[in-house]
Every structure is written in structure tokens, then in C-alpha cells.
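Structure record follows, encoded as C-alpha cells.
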Amino acid sequence: MKLPIYMDYNATTPVDPRVLEEMLPYFKDRFGNAASRNHAFGWQAEEAVEKAREQVASAIGATSKEIIWTSGATESNNIAIKGVANMYRDKGNHIITNVIEHKAVIDPCKYLEQNGFRVTFLPVDKYGMVHAEQVREAMTDQTILVTIMHGNNEVGTINPIGEIGKLCKEREVLFHVDACQTFAKQPIDVEQMGIDLLSCSGHKIYGPKGVGALYVRRKKPRVRCEPVVHGGGHERGMRSGTLNVPGIVGMGKAAELCVQNQSHEIENVTRLRNRLKDGLFNRLPEIYLNGHPTQRIPNNLNISFLYVEGESLMMGFSDIAVSSGSACTSASLEPSYVLKALGLGDDLAHSSIRFSIGRFTTEQEIDYAIERVCVAVEKLREMSPLYEMAQEGIDLSTVQWAAH
Amino acid sequence: MAYSDKVVDHYEHPRNVGSLDKNDPNVGTGIVGAPECGDVMKLQIKCDESGRIVDAKFKTFGCGSAIASSSLATEWVKGKTVDEALQIKNTEIVRELSLPPVKIHCSVLAEDAIRAAINDYKTKQGQSAGAHPAAAGAH
Ligand SMILES: Cc1ncc(COP(=O)(O)O)c(C=O)c1O
């Protein structure tokens, strides 16, 4: 077993060696510009790009013409949200989303709010889920777009996308899904689920960073987006700029590999995740699972370790790479807005750790992590005044703290 | 964020973790911070007849820098009189531990914890400083 151990697959994934292999020629002799229409270098690049488009499209039941290349899911979300808003502003000015979207959705929505649009940020339930009924109630005759993520990157909860999509179809409102965490890893069918636009990224699926895609429906209805970046009119005019050919080739290959092994990988990662979960819950009292108990992406485990602060906990197992919802890990000193939206008290939010595993995680690594985490939690609880007070029978919620 | 070697050392080998009898008249207890803010420090001092600090203990819920700041504070107060201990400044803790700007509040909290513990001790000794044992200075 090699240290440090990587358990932050929701943040990014390593490039699969098979993906890298596929990309390399496009850094070397196949360096052409896919937009060069009159020589072999260009044709070769274009052919590779079109193959990758096919690979990405088939991961979500789309056709390759409906895929637009971007620099990542952040850009895809921006094109989808701002692009649709600007294109359809004559039809209405209302957008529906929710409070625990990734910032790459929240911030474009807030930007639009300052530019004449009205945005409803739906609350989520205690598991981090949005329900179709909430979306229905929020809809008005001004609603032009609903944007709801598939799997949440922090707590892992999977939203009922199919139900929300069906509702959007009935009401003829466009539906965008940020599927960054589920693309190619979970079954997705844009037809069955009623999805009009979908964002995804290469680096969450064992592909390279800096490449992503946006699915834009071409039929029933034909969806159009105003461009965010103006230029040579590439990608059906929705995203100008010379294509990142090696990146695109890598993303295509990565998607293909994920889809080929999808059910096997879901099974494997679920088994390892459950081993980690059981190992921690069997040994440590007063720890809490954040997110939905069953409707969740299989590779994510978000746990609050009561009485222990997340950053200090991470320090206790610094040879395991995870992330924390604790304030101390961010510049803002605010704990995670996602955990707070689930109704967690700040103390539990400060105590959270996100473990996320993937293709290269081994059982041995899981067992090592269980041991290291338990020892660190036990040590820090011995050092925690909150734990001591709780042991003395003091109800912490009744203590008058001097806030600072 | 990378931690300074001294923060890591205090985190891995915290000095003086534990508790003193809070009902002992020679023990002063200070509890500062709040769980919502992500850090709570409990610092206790024990004094001899002359008001010299002979023992100090801490328990901290907080990030590595908060743990290190309180661990260092217990080291520094030991052997000092309470009045000398009141001279300890958070900026000295910052310097000793090489805390980055976002962690300065940890050192402030440690200074507050020293003050709160001394206040409690003085109150118990009838030299009333008028503070509640668990009261922190607002900052
Ligand atoms: C749900 C979600 N949306 C968007 C993004 C941003 O993706 P990218 O890094 O490709 O811009 C991420 C990843 O950080 C994510 O998890």
C-alpha cells in the first residue's frame, strides 16, 4: 500500500492510464486544429473529436450533435444557465434552482438575479434532496428554466431527476442538470429523464482536467443558448474557441471506460464505501451520516464526528487525503453552506469529513483509513472540552457560549 | 494549507492536556469560544499560596492551530505569577507558532482563555474581577 492514500474522488480523479495512452498522440504528431478544414492534420483532429462526442453522447442516451465541448462543468453550467436565460428572456424571467447546488450553478444564478431575473432557491430536506412537488409549487408562467443537480458533490444525495424532468416537460419549462458527479458513473438517459441540458466534466471520470461537455437538446424542443464566449462560432455558435483536442479525446475515452464497467464499478465502490461506513460506525459512538441514507452516489461518505473539529481531525490522518465541511479549511471561516442547508448545527458542520473513493481504492486502504480515523477521533475527543462536558451530562445546547 | 513545524509538534504532542478540579479554590477555569464558531478552549490554572501558577491544563475543540495555541499557552503560563501571565499577548503566540493571518483568531482565543482562567481564579480568591468563570471576552 502506497501512502498518502487518496480519498477525495469527488474533488477530482486521477487520469486512468488507458485514457492517458489515448491522449498522447494528440500532443505529438496528431496536433492538428480540429477546425482546419483543408488538410490531413485538421481532419485527423476533427475525426478524434467526433469520436469523443459520440462516446460522451452515448453515456447519456443523446446524439453526438447535441454535445458541446467546454473547459469543464463550471463553463457548461454558465453556458446553460446564462445562455438559456438570455436566449429566452422574452418568454419569462424566472429560474428555479436550490440552495445546495455547486457554486458553478449558484453564482451564475445570482449574477442573473442582479440582471433582471428572478431566481427561486428551493430549500432541501434534511437529506439534501429537492422534491418535484417543490418545483411544481415554485413554477409560474414566467419560469423559463429549472436547474437541479443530479448527485451532490458534498453529501452525495441523488435528486429525483426523472420526476422533475417529467414535470418540466408537462409545463414546457427547460430543465438543466449538473451531472458532474454522476455522468458516465450512474445510468442517465436524457430522453427518459426529460433533461434538456446537462453539464459534465472530464476530471471526475478519470479523464483530464480542463475539459467538459454540455448536452443541449436538439429535438422536442430544440434548445438554444446565447454564447458566453464570443469568437469564431465553433460548437454550433454556443462556445467559440479552438478545441482542446487531447483533452476531448481523453474525456471521450474516460466516458467510454466508465460506461463499459458501470454496473461493476457501482457494485465495487458501494462495497468499499459500506466497509468504510460500517468500520467507522461500529467503533465510534456519536457519529452521523450526512446526506441521504440510500439515495446517494455510491462513492461518497460524509460523516460528522461529534465533539471533534474537522480540520484538526484531518491533521490526525494527514496521510489520507479527504475534505472537510469545516470552516477552517476555507478562507471564509464559514462552515459548509451545504451542510447548513441540511439543517445541521454549526457544530456538526464543523465536525464533518467527506470521504470519497473510486476506481483505484483498495480494501487495504479502507481498512487502514478506518484504523487511522478511529484513533484520531478517540485522541481528539480526549482533548475536547465539548466531549468532556457531554460526558459530565451537560446538554451542550443549553450552554451560554461567548460567541467571538 | 501547510502547518508550521511547531503547530504540528504541539498537535502531535500536546502539552498539558487534561483537567484540574474546577471546584478547587486554587484553580481558575476559563472557557472561551463557541462550537458554532468551530473552536472552544478550556484552559485551567492552579496557583500556589503566592499566586504563582504551578500547573496548567487545557482541552480544545478546534483546528490544529487552536490546539497548538492553547497547548503553548499552558506551557507559557506555568511558573509565572498571574499578573505576569496576563502580559502574554496573542501576537507572541502568532510569532512563536508562525500562524498565518486566517489563524490569528486562534491566538486571540488562547489569550482570552488565559484571561478568563485568571479572572475565575481571582474571583474565587475574593480579589473579585467580577467575571463569570465561563465568560469569554467578546472579540
Ligand atoms: C456538482 C459539480 N458541479 C460543477 C463542478 C465544477 O466542475 P469543473 O471543475 O469541471 O469546472 C464540480 C466539481 O468541482 C461539481 O462537483
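From a predicted model like this one, the values you see are computed outputs, not experimental measurements. The sequence lines fix the lettering, A, B, ..., with proteins before strands; numbering per chain opens at 1.
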Fill in: Heavy-atom contact with chain A under 4.5 Å, split by part of B:Pro14
side chain
Worksheet item: Going by atom types alone, do B:Asp48 and B:Ser50 pair a side-chain donor with an acceptor below 3.5 Å?
Response: yes
Worksheet item: Do B:Ser19 and B:Lys42 meet the criterion of a side-chain donor-acceptor pair at a distance under 3.5 Å?
Response: yes
Item to complete: Please flag which part of A:Tyr387 lies under 4.5 Å from any non-hydrogen atom of chain B: side chain, backbone, both or neither.
Response: neither
Practice prompt. Walk me through it: do B:Tyr3 and A:Glu311 pass the test side-chain hydrogen bond (donor to acceptor under 3.5 Å, both in side chains)?
Written response: CA-CA 11 Å; B:Tyr3 301 96; A:Glu311 184 187 335; 2.4 Å; yes
Fill in: Residue A:Ser351 versus chain B: region with a heavy atom under 4.5 Å
side chain
Discussion item. With no hydrogens and no angle check, just 3.5 Å: does a side-chain donor-acceptor pair link B:Asn16 and B:Lys78?
Written reply: yes
Discussion item. Any non-hydrogen side-chain atom of A:His102 less than 4.5 Å from a side-chain atom of A:Cys180?
Written reply: no
Discussion item. Looking at A:Tyr288, is its backbone amide N or carbonyl O close enough to the side chain of A:Ser304 to form a donor-acceptor pair, meaning the two atoms are under 3.5 Å apart?
Written reply: no
Worksheet item: Is it the backbone or the side chain of B:Val40 that comes under 4.5 Å from a heavy atom of chain A, or both, or neither?
Response: both
Discussion item. Suppose a student defines contact as a heavy atom less than 4.5 Å from any heavy atom of chain B. Which residues in residues 378-386 of chain A would they list?
Written reply: A:Lys379, A:Leu380, A:Glu382, A:Met383, A:Ser384, A:Pro385, A:Leu386
Worksheet item: Do the ring planes of A:Phe317 and A:Phe355 sit parallel (below 30°), tilted (30 to 60°) or perpendicular (above 60°)?
Response: parallel
Discussion item. I'd like to know if the side chain of A:Asn98 pairs up with that of A:Glu101 as donor and acceptor (distance under 3.5 Å, no hydrogens or angles considered).
Written reply: yes
